[in-house]
K.L.:
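The structure under discussion is supplied below as structure tokens; questions concerning it will follow.
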Amino acid sequence: MYKTFTVLMLSMFLLQACTQNKSTLENTEPNSGQTMKLEVKDIHSFAQPHEARIVHLDWEAKVDFEHQRIRGVARWQIEALANAQKLVLDTKALEIDRVTIGTNEEETSYSLSPAQPHLGRGLHIDIKENTEWVTVYYSTTAGAEALQWLSVEQTAGKEQPFLFTQSQAILARSWLPVQDSPGIRFSYSAKVEVPRELMALMSAENPQEKTKDGVYSFTMAQPIPAYLFALTVGDIEFAAIGPRTGVYAEPSTLAKATYEFGALEAMVKTAEELYGPYRWERYDIVVLPPSFPFGGMENPRLTFATPTILAGDRSLTSLVAHELAHSWSGNLVTNATWNDFWLNEGFTVYFEQRIMEALYGRDYAEMLAALAVTDLKEEITSMIADGQGQDTRLKLDLEGRNPDDGVTAIAYDKGYLFLRMLEEKVGREIFDAFVKTYFEDNAFQVMTTEAFIDYMKEHLLEKNSVDMEPMVYKKWIYGKGLPDNAPRPKSDRFAKVDAILSAWLETGQLPNTVKTQWSSHELQHFIRSLPEDISLGQLAVLDETFGLSHTGNSEIFAAWMVPVIRQDYEKAYPQLEAFLIRTGRRKFLMPIYSELIKGEEGRKRALDIYAKARPNYHFVSTHSLDKLLGHDIKN
């Protein structure tokens, strides 16, 4: 029977293993005297942490914008078996200058294994008995996929260059020699030198003002996996929102961002009321330039956010609730491998929905859930049609593949629906107690799908005498598609929207109240529900009524572009091109480009726009778009 993990003191080494060869992770339940052994295997890392693993990093770096490279010194404190002979780190496109061992910096030999697709090269470092420190002197190269260097023209202020990192899933190895597995945690300190007119921020304790010399020091006492190691550098300023919350942004964006995130402190308090104390001290957000490939990235203490959520009316801040929820799900309890990615995202979406419900009401949260489920069903249909039905399982098999292939609606929204199904089965009070205990018992630990099943059986089903056939949850986790017992979020407000849409299609009349009383979610649902044979005249009426082609709400604009492209509504094409060139968020890019390439003229337009836009996109986005447009792209 599964035994609960303990919360280890930060001064203890986290006994974790996540390797290409099976290894053992051991933790002891308080006062039980019994040890649980969890076998895990990380197919996306060269590391051999059962022999030698990293536990703390002292990092020094100089950020060179002129040559677009980081010169770094990574001093790793390690824990190794007495007879261990090597420490193995993950690298990708790094230049290794030299490696030393011990505090006296004794030169040691090392070798790089042959490069493998997606994985890069293993750095095999010779160590001695009792070696505690290993230091790697290195530089990044133009192949550093995690780094995006932005020119002055690509920023909001148009005055200073910008840099940000995106390490998830396995891109940390392209700017830091590291055991790049979500199952391996380390604390860190850092000293980073940047141009004096810029500010540096990390996933750590951060400054709130620029230094005079451009040198910044950071500390992250809580242990984190490599994918949460993050850095951004730019012309950035800070504004406080609450006693432990604030926002960073370029000066021209700061006021808008501060207003947009005005409910941030309330969100943190709401999250704590649901599932226990926030364990990372501060929660700040930095708004990045628009090329950032995701809506947000949950880097501890400092969420990276896209400016596409700055709608001006706080209507898109569910994304903030999502990234905040990661402070528990993902950052605190982490998927052991990327095959278990749903454990991070399914819990996070569930938590996000509960935060939004607590703040804005059940019907508001149900609108968000209904929109997500619509997207999920469409994605499942598309994946099955494309022969990717195996990827509609929660537990993935990503061997030989880029783990980024698992970043789909399956992990997020099928995972959410599975947890919601459990909640509806056992009741909210019981389920809330289970989730809170889950986070407490497994804090700063890793979790596999199989270990979660055991934990769920013991602490949710058996503890509460809940009768559930194993086939029910196994079908959710290991079965394709969406099970028949999936919850069905319903919104009375969406039902009213559907009635108005039907009446408009029949009579051509829209109530005057829709412009002033509809939320952005209702308008988004209206647009998504438009029939495929809608006429150009009807599109023109909607555009004039709601100003859709010029809306500042990126979710509405992206939804609007689908019927625009489908019906060849040329009036909106200049806005379409401008949006695709300035916006790097993959969530919007993929469906818009996918719709464009369905027709011959649209394909030509897509390739023309992509040729202009591609330099503005991060690797995460181009990796997906190159595959979508691949044989037509000349890199």
Side-chain angles (χ1 to χ4, degrees), residues 44 68 70 90 92-93 117-120 140-150 154 162-176 178 180-182 203 225-233 286-299 302-309 319 322-323 326 330 335 338 341 344-345 348 379 391 396 398 401-412 554 558 579-594 609-610 613-630 633 635:
H44 294 110
Q68 295 191 343
I70 295 175
D90 296 299
K92 193 172 187 182
H118 312 303
L119 304 183
T140 63
T141 69
E145 295 165 343
L147 306 181
Q148 184 158 22
W149 303 88
L150 300 177
Q154 292 172 299
F162 209 101
L163 166 68
F164 67 81
T165 66
Q166 174 54 40
S167 294
Q168 194 180 39
I170 56 170
L171 302 183
R173 65 193 67 185
S174 71
W175 66 292
L176 176 73
V178 63
D180 196 3
S181 168
S203 50
Y227 78 88
L228 297 177
F229 188 67
L231 169 71
T232 188
V233 181
V286 58
V287 179
L288 300 178
S291 59
F292 186 56
F294 295 124
M297 181 62 207
E298 64 271 18
N299 301 310
L302 185 69
T303 283
F304 283 17
T306 170
T308 62
I309 65 172
L319 181 140
H322 181 92
E323 303 309 330
H326 267 303
N335 49 225
W338 296 113
F341 182 55
N344 274 24
E345 296 298 347
T348 299
E379 187 154 3
D391 287 345
L396 296 171
L398 296 170
R401 301 165 61 190
N402 191 324
D404 196 52
D405 292 347
V407 183
T408 70
I410 302 302
Y412 292 75
S554 56
F579 181 82
L580 289 177
I581 290 175
R582 74 172 182 269
T583 304
R585 189 175 175 186
R586 184 172 61 177
K587 172 186 176 181
F588 299 145
L589 300 180
M590 290 297 288
I592 292 176
Y593 277 108
S594 295
I609 294 174
Y610 191 50
R614 192 177 188 277
N616 296 331
Y617 297 161
H618 188 274
F619 168 79
V620 167
S621 293
T622 59
H623 173 73
S624 297
L625 288 166
D626 285 352
K627 288 194 293 185
L628 178 69
L629 307 171
I633 296 297
N635 293 326

K.L.:
Rounded to the nearest 0.5 Å, how far does CZ of R173 lie from CG of D90?
P.N.:
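Here the interatomic distance stands at 4.0 Å.
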K.L.:
Does T141 have any side-chain contact (heavy atoms from CB on, under 4.5 Å) partners at least two apart in sequence or in another chain, and if so, which?
P.N.:
A93, E95
K.L.:
Find out whether K92 and L119 are in side-chain contact, i.e. whether some heavy atom of one side chain is under 4.5 Å from a heavy atom of the other.
P.N.:
no
K.L.:
What is the minimum heavy-atom distance between F304 and F164, and which atoms define it?
P.N.:
CE2-CB, 4.5 Å
K.L.:
Are I410 and F341 close enough that some pair of their side-chain heavy atoms sits under 4.5 Å apart?
P.N.:
no
K.L.:
Does R582 have any salt bridge (Lys or Arg N to Asp or Glu O under 4.0 Å) partners at least two apart in sequence or in another chain, and if so, which?
P.N.:
none
K.L.:
In chain order, what residues pass the salt bridge (Lys or Arg N to Asp or Glu O under 4.0 Å) check against D405, with sequence neighbours excluded?
P.N.:
R401, K627
K.L.:
Could you tell me whether the side chain of S554 reaches within less than 4.5 Å of the side chain of T583, counting heavy atoms only?
P.N.:
no
K.L.:
Show your working on side-chain hydrogen bond (donor to acceptor under 3.5 Å, both in side chains) between H618 and E145 and close with a plain yes or no.
P.N.:
CA-CA 8 Å; H618 188 274; E145 295 165 343; over 6 Å; no
K.L.:
Rounded at 0.5 Å granularity, tell me how far OG1 in T622 sits from CG in L629.
P.N.:
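Reported to 0.5 Å precision, the distance equals 11.0 Å.
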K.L.:
Can you list the residues that meet the side-chain contact (heavy atoms from CB on, under 4.5 Å) rule with I609, with sequence neighbours excluded?
P.N.:
E577, L580, I581, Y593, R605
K.L.:
Apply side-chain contact (heavy atoms from CB on, under 4.5 Å) to L396 and list each qualifying residue two or more places apart in sequence or on a separate chain.
P.N.:
N339, D391, L398
K.L.:
Got a donor-acceptor contact below 3.5 angstrom from the S203 side chain to the L228 backbone?
P.N.:
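It does hold such a pair.
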K.L.:
To the nearest 0.5 Å, what is the distance between CD (Q166) and CD (Q148)?
P.N.:
10.5 Å
K.L.:
Does E379 have any salt bridge (Lys or Arg N to Asp or Glu O under 4.0 Å) partners at least two apart in sequence or in another chain, and if so, which?
P.N.:
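By the salt bridge (Lys or Arg N to Asp or Glu O under 4.0 Å) rule, E379 matches no residue at all.
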K.L.:
What heavy-atom pair brings D180 and A226 nearest, and what distance separates the two atoms?
P.N.:
OD1-CB, 3.4 Å
K.L.:
Check whether any side-chain heavy atom of L589 lies under 4.5 Å from a side-chain heavy atom of Y617, and answer yes or no.
P.N.:
yes
K.L.:
Does any non-hydrogen side-chain atom of D626 lie less than 4.5 Å from one of R614?
P.N.:
yes
K.L.:
What residues form a ring pair (Phe, Tyr, Trp, His ring centres under 6.0 Å) with F619, not counting sequence neighbours?
P.N.:
H623
K.L.:
Looking at E323 and T303, what are the two nearest heavy atoms and their distance?
P.N.:
CB-OG1, 3.6 Å
K.L.:
Just wondering, do Q154 and W149 contact through their side chains at under 4.5 Å, heavy atoms?
P.N.:
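When only atoms from C-beta onward are counted, Q154 and W149 do not touch, as no gap falls below 4.5 Å.
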K.L.:
Would you compute the distance between atom OG of S621 and atom CZ of F292 and round it to the nearest 0.5 angstrom?
P.N.:
9.5 Å
K.L.:
With sequence neighbours excluded, what pairs up with T232 under the side chain to side chain donor-acceptor pair (under 3.5 Å) test?
P.N.:
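Expected list: none.
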K.L.:
With a 4.5 Å cut-off on side-chain heavy atoms, are F229 and T165 touching?
P.N.:
no
K.L.:
Roughly how far, to the nearest 0.5 Å, is CD of Q168 from CG of D404?
P.N.:
8.5 Å
K.L.:
For W175, give me all partners under side chain to side chain donor-acceptor pair (under 3.5 Å), at least two apart in sequence or on another chain.
P.N.:
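By the side chain to side chain donor-acceptor pair (under 3.5 Å) rule, W175 matches S167.
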K.L.:
According to the interplanar angle, ranging from 0 to 90°, do the rings of Y412 and H322 count as parallel (below 30°), tilted (30 to 60°) or perpendicular (above 60°)?
P.N.:
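Y412 vs H322 ring planes: parallel.
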K.L.:
So, for S181 and P225, which heavy atoms are closest and what is the spacing to 0.1 Å?
P.N.:
O-CB, 4.1 Å
K.L.:
In Å and rounded to the nearest 0.5 Å, what is the NE2 to OG1 distance from H326 to T348?
P.N.:
4.0 Å
K.L.:
Are side-chain N/O atoms of R585 and T306 paired as donor and acceptor at under 3.5 Å?
P.N.:
no
K.L.:
Applying side-chain contact (heavy atoms from CB on, under 4.5 Å), can you list everything that pairs with A144, at least two apart in sequence or on another chain?
P.N.:
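Expected list: T140, L147, S174.
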K.L.:
Check side chain to side chain donor-acceptor pair (under 3.5 Å) between S624 and all other residues, then give those that pass, not counting sequence neighbours.
P.N.:
R586
K.L.:
Between W338 and A169, which heavy-atom pair has the shortest distance, and what is it?
P.N.:
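The answer is CZ2-O, 3.5 Å.
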K.L.:
According to side chain to side chain donor-acceptor pair (under 3.5 Å), who are the partners of N299, at least two apart in sequence or on a separate chain?
P.N.:
none
